[in-house]
Structures are given as C-alpha cells and as structure tokens.
There are 2 protein chains.
Amino acid sequence: MAAKVTIADVARYANVSRQTVSNVLNSPEVVKEETRQRVLAAVNALGYRVSAAARQMRTGRSRLLAVRIETTQDGMNVFDRFLHGLTESAARSDYRVLLYTATDDRSEIDTIDQLLGEFEPDGFVLTSTHHGDARASWLAERDLPFVTFGRPWGASEAGHPWVDVDGAAGTEAATRHLLGDGHRRIGFIGWEAGSGVGDDRRAGWSRALAAEGLDTALTLETDGSPDQGRAAAQELVERGATALVCVSDSVALGALQVTPAVVGFDDTPVAAAIGLTSLGQPLAEAAARCVELLTDRLSGRPTAPHVLLSPTLVTRKPTLAIRKDPRS
Amino acid sequence: MAAKVTIADVARYANVSRQTVSNVLNSPEVVKEETRQRVLAAVNALGYRVSAAARQMRTGRSRLLAVRIETTQDGMNVFDRFLHGLTESAARSDYRVLLYTATDDRSEIDTIDQLLGEFEPDGFVLTSTHHGDARASWLAERDLPFVTFGRPWGASEAGHPWVDVDGAAGTEAATRHLLGDGHRRIGFIGWEAGSGVGDDRRAGWSRALAAEGLDTALTLETDGSPDQGRAAAQELVERGATALVCVSDSVALGALQVTPAVVGFDDTPVAAAIGLTSLGQPLAEAAARCVELLTDRLSGRPTAPHVLLSPTLVTRKPTLAIRKDPRS
DNA sequence: CACGTCATTTGGATCGATCAAACTCTCAGA
DNA sequence: TCTGAGAGTTTGATCGATCCAAATGACGTG
C-alpha cells in the first residue's frame, strides 16, 4: 500500500508552500504559469490526490450525491439503467454516487437526515415522485439541493428542479401509431386513478383519440400486474377494442396474451424479449440532466427550472404469444 | 438547515470532555454507566451525528464500500438485485455503498486507484470475476480489503475471500429435474469454453447425465444471445434432444422458441414473464455474505475463506411460446 | 496516613486540506 | 527617492473527530 501523499509532500517536492499547491489545483489563475507547471509536475511525480475527507472538513463539500436504490419488485423497471447513467454523469463532474435504501417516504427522510449528519452529501436525487411527496417538501423546507426524476405531481411540491419523461406525449404517439395501423377502437389499461404518472399516460392516449373524434371509454384500471392486465385486456377486447395502449410493460405482458396489438411502457428487457412494442425512456439523458441541474445549483450557476424529455416508441413484432396447450 | 452539532457541543451539554463523548460512542465499556447515560441523553437531545469526514481524517476509516455498477447489456442479469442487497447489508453494519463505473479491467483499476486516493473506501466488492482477473491480483498485491462475488477462476488469483453461487450444482439439479420428467436426451447450450462460469455450469449438466450413463455429446457453444440460443436449440433438437439446459435466461429465451422443455439460469424478470423454468441465485444472501466477509476482515475478525451458495430451481410452465403467424 | 492501584476522565496534538490575512517583490508615478 | 498598487506567494488558524499521555479520584493496604 503506497504511503499517503499529502499536499505538504507536493509542496516540499516543488519548493513552494502548501497554499500554492492548493491554488494550482483550485484557482490556477492566481498562480504564475511557471510555478503552476512545476507544481503539476510534482503532483504527477508523486501521484498526489486530494483527500476528500480533509477537503470536506474545511469546505463542507463532500462531492457526493445520494440516491435511494429502489426495490426491484417484478424487475420490470427502469431504475437500474437510470442509476448507471447517473453514476457516469456524476463522475464526469467529479461527483460520486452514494446509495441508500428505504422502505417508504418516512424512512427515506430519516435516512436522508442521518446521511446529512454523517456523510453530508452535497445533493440528493429522488426518484418515483408521487402526489403529496413528503420527501421533496422536507428537502425544500431545509433548502437542501436536490432534483427529482419525476415531476412534482402535487401543487404544494412545486418549485424545485426536476427532470421527467413526457408520458402523455409517449402514449399519444403510441396511440397515433396504432391509428396509423388502421385501428379505430383502441383501449387503455392503466393504474388506479390518482397516480400522477398513470393519469398522465392515460391523458396522452385519450388526447390522441379525442383528436380523431374517437371513443375514449375503453379504459380500465389495474394494480399493474400482468394478471390484471390480462383480465382488463379480455374485457376491453370483448367491448370491441382491437388494440391496447398500456401504462407499463408489466400490464402489457398480460394484455399480450389476449391480443397482439399492444404497446407497453418503459421498454424493459421483457419487452425486448417477447417482442413487445414499447415506449423507451431516454434514461441516460435523464440522468445526465439530473446531474446537470444539481451541479449547476451546487456551483451557484443559474439553473433551468426543469427538463421534460420525450420517450421513443420502439416498435417490434411479437415473437411470443400465449401457448394454447402448455406442455411440460 | 439545522446548525451542525459537533462533539464539543455534546460535551458541553453533558458537562464532560470531548473525549468522554467519543468514548461513550466508541468504547462504552470504559465509561461509568451514569456518565454514559447522561452523554447519550445529550446526543439525543442535540441530534448529534459523527462527522464521517472528521472521523476518517483521524482514523483512516471511511466506512465506505466501493462497487462498480455494471452496464446492463440486454438487461437479463442479476446485478441490480445483488446491488440492492449489498446496500442493505452494508447499512446494517454501518457501511455505505459508493458506486463507480468502468469499461474494462484496466479502467476499473485506474478508478479504484483514484478512489483510494480520494475517498479511501475501506473495501471493494468485485463482480463478474473471470480468468486472469487483473483487478483481483492488483488489489491483492496491495493487500487491500476486497471480496469478489464470483470465485477466482484462475489459479493465480486464489487466496482472497469470495462468495459465489454453485452453478454446477444448479445445472445438475436442473438436469435431474428434466430426467425426473422422463427426458433421456438432454442438451446443454452454453457459452464459448474458457469462461469459468460457463464451463462450471456445463460441468453440472454433464455430471448429472454421466451419473445416469447418458450421452453428454449434446452441447453447443454460443455468444449468449437469444438468436444463437435459438439456433443451437434447433440443432440440438434435430440431433435428438428433447430438453435443454441453458447457461443463461438469455440463451434459454431463444431455445424456448424451439421446444418448451428448457431451463434457464438466473431467474431474471424475463423468465418470470414468459414462464421459463430457471435457476435463481440467492442474491440477497450472497450480498450479505460479501459484506460479512469484508467487515470481518476490516474489523480484524477471523474470516471464512469463502462461501459457496446453492441456486434454487424455480419451475414454471411456459405461458408464452413462439407465435407461428405474427400479425400486426 | 502515605502510597500504589485501578477506574474514570481530561487536555493537547493531530489527521490534510483550505481560508484569511500578511508578506515580498516589482514597477509605475509623484 | 519614496509611496502605492498589484501580482505572487507564504504563514497561521481552522474544520471535527480520535489518539496519546497524563491527571484525577476512590479505595484498599501496610
């Protein structure tokens, strides 16, 4: 294990003071070019790296962003790709991602509170925003830097930077795609009303149909499971639907057992596997924007209030469908 | 933003010295019970939390574990669940997980080197071990604490703690399961020889067949894609196979388009979605064991050299199969 | 009653960086 | 020649915890 190289070692090696080394790294413009070169050479020669702990102690900045890692449920989600993008974008701005877990809003707030005392992350990224999100208001009250991936769905939580993907635009595009294929009776399988994300996605579908003067009555609510998706699809088909737009790939998976003209949401690996047309979120970009909004705020730059990205329809032909006679 | 509470504040409040507060938290046995109570009360009253930075500065311990977040490829992997388990287990031992990305072994080593200089993680968790893994030897040479999830496949990399799931035991169980269903000609679709994981999984299959005196010639190598899985399945079925054990769910997905008697590996969401029987890894436990091995080593306790866990066969009935006439 | 022992508590130094303020030159202008 | 400004560099203090060595106090013993 190489001995720790401190700023004092570099200073000695380059025949300058500690402060000058610090200046070379943090405010190079105040240092004479010749000195700067000499110090940089010393830094390289010794393999010096600033100690995050020491720097944090003095400046109060940790260069850490904290993110909650979500529980995976049925695994048909999008979080892991977002997290990967976040880690990469953060690294590009010299930030690192610190993970934590929580079971609900309340425990997440407790964890955030604890982290603030111990590791003092410079910023937080919240995902899965929802109506009456206690986390956002908690952070906002304390004036702590954070971004949400997911817009604030309640009025009271507005006013913080966020990044989101335009679900309504997505389902609208999906519905138009089905209209283009000649479908006239297109249903929507959603979640229970009241979820911001779900309602938004339903709105896009109904907007597209309304624009054509078509029936927007063919919609049902589910708990999001494939089973309920299948049941809902069954009923909607009986009521005359020939195609279905779904609030998620999970629901779409069930629907696909009833009819092939189905569009899902999130473009999960499952969609790719079974040939389900689905709406893909630009997750790497969403993550990059989150980091951008946060780091702008952290370095005092003016920040965009929010960013709304568009999903992309990924069209596929179903390769798998319900097996009528399950053997083995 | 609540003002920072330091150990000195607590000391003043409880009418003791800083050191006594520190002792209450770190070596309670040297403090008189009554004092201990008084200090703890002060800690609660003020909401004191140790500053990780200050502690690290003095002790050299960061209470951080660093893990590389893998790229997701086709998303049919297991890493996100492992990572979640790791974060939870780490938190239970008062460690936090720090993420980083890397594109290959070399860049991962560079990143680790950099992290060591800056954030000084106390330990590392390496995943996706392989033959001639440069990362493990690099860390071992420097005597840095790390665990791998995945055993060391080369002789030279042995000697560090690891946690792994017994792939051979898994495929052996899967093969026996198929034998129990009456199959006699069971094929194996694997990866190119030379990958430790892949060879191990093939070995379990061949062991089970050999034990019954059956033919172990029905095996092919692929690049792991569903397409090649499908092609391999086609050929093996033509050569007489009635059932197939697969090295991954991805390959199995392709194989399932040829015959329904297929077993995959990893029990990914895709397997659940399409009703693919698959071998599930005990990821939460694997993660917990990784943390255990690491923290044991970090606190000087004797550590188990390694841990080998068994996968579980999750049997399902295919709900989806190849669609003969793809409409829409 | 002085003294050693043990349990408990304390003050000062320290980790490695940055802040704030002071210092040293050099050079232009009075 | 002296002064002042400005560029460039240095010194000392500080962030909040823990290490170390030493002080304090209670208690039993010869």
Side-chain angles (χ1 to χ4, degrees), chain A residues 1-40 42-43 46-64 94 115-120 122 299, chain B residues 1-40 42-43 46-64 94 115-120 122 299:
Chain A
M1 188 150 26
K4 216 174 299 175
V5 180
T6 75
I7 204 171
D9 298 324
V10 177
R12 205 170 309 124
Y13 188 98
N15 256 307
V16 295
S17 68
R18 299 182 326 264
Q19 185 60 44
T20 297
V21 177
S22 174
N23 285 337
V24 167
L25 300 173
N26 300 311
S27 340
E29 69 281 4
V30 310
V31 180
K32 190 159 60 166
E33 177 61 16
E34 181 206 317
T35 322
R36 202 177 70 82
Q37 296 295 350
R38 186 151 39 93
V39 169
L40 287 179
V43 165
L46 301 178
Y48 168 76
R49 294 194 202 291
V50 285
S51 152
R55 186 216 269 124
Q56 177 182 349
M57 180 98 115
R58 193 75 252 259
T59 64
R61 291 314 197 65
S62 62
R63 303 208 76 90
L64 290 175
D94 270 313
L115 282 176
L116 278 169
E118 298 180 359
F119 290 88
E120 295 180 82
D122 291 338
S299 47
Chain B
M1 189 152 21
K4 218 173 296 176
V5 180
T6 76
I7 204 172
D9 298 324
V10 177
R12 206 171 307 124
Y13 189 96
N15 256 308
V16 294
S17 68
R18 298 184 324 266
Q19 184 59 44
T20 298
V21 177
S22 174
N23 284 337
V24 167
L25 300 173
N26 300 310
S27 344
E29 71 280 2
V30 310
V31 180
K32 191 159 61 165
E33 177 62 15
E34 183 205 317
T35 322
R36 203 177 67 82
Q37 297 296 350
R38 186 153 38 94
V39 170
L40 286 180
V43 165
L46 301 178
Y48 169 76
R49 296 193 201 291
V50 286
S51 150
R55 188 218 268 122
Q56 176 183 348
M57 181 98 116
R58 193 75 254 258
T59 65
R61 291 313 196 65
S62 63
R63 301 208 78 91
L64 290 175
D94 271 312
L115 281 176
L116 278 169
E118 298 180 358
F119 290 87
E120 294 181 82
D122 291 337
S299 48

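Every chain is numbered from 1, with letters handed out A, B, ... down the list of sequences.
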[Y] side chain reached by [X] side chain, heavy atoms, under 4.5 Å:
X	Y	result
B:Val24	B:Leu40	yes
A:Val16	A:Val39	yes
A:Tyr48	A:Val50	yes

Have a look at the helix from C:dC1-D:dG30 to C:dA30-D:dT1 and give the angle its two end axes make, five pairs each, rounded to 10 degrees.
70°
Any A:Thr20 side-chain nitrogen or oxygen under 4.0 Å from OP1 or OP2 of D:dG8:
no
N/O donor-acceptor pair under 3.5 Å between [X] side chain and [Y] backbone:
X	Y	answer
A:Thr59	A:Arg55	yes
B:Arg63	B:Asp94	yes
A:Arg38	A:Ala14	yes
A:Ser27	A:Val30	no

Take nucleotides 16-24 of chain D nucleotide by nucleotide from the 5' end and write B, S or -, depending on whether a protein heavy atom sits under 4.0 Å from the base, only from the sugar-phosphate, or from neither.
BBBBB----
Tabulate atom names and distances for all N/O pairs under 3.5 angstrom spanning the protein and nucleotides 4-7 of chain C.
none

Measure the spacing between CG of B:Leu25 and CZ of B:Arg36 and express it to the nearest 0.5 Å.
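Separation between the atoms: 10.5 Å.
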Could you grab the distance from atom OG1 of B:Thr35 to atom CG of B:Asn15, nearest 0.5 Å is fine?
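Output value for this atom pair is 11.0 Å.
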If I take atom [atom1] in residue [X] and atom [atom2] in nucleotide [N], what distance separates them, rounded to the nearest angstrom?
X	N	atom1	atom2	value
A:Asp9	C:dC15	CG	C1'	13 Å
A:Arg36	D:dT9	CZ	P	12 Å
A:Arg61	D:dC15	CZ	C1'	15 Å
B:Arg12	C:dT10	CZ	C1'	16 Å

B:Glu120 and A:Lys4 ion-paired at < 4.0 Å
yes
Is the CD atom of A:Glu33 crowded by more than 12 outside heavy atoms at less than 6.0 Å?
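Enclosed: over 12 neighbouring heavy atoms sit under 6.0 Å from CD of A:Glu33.
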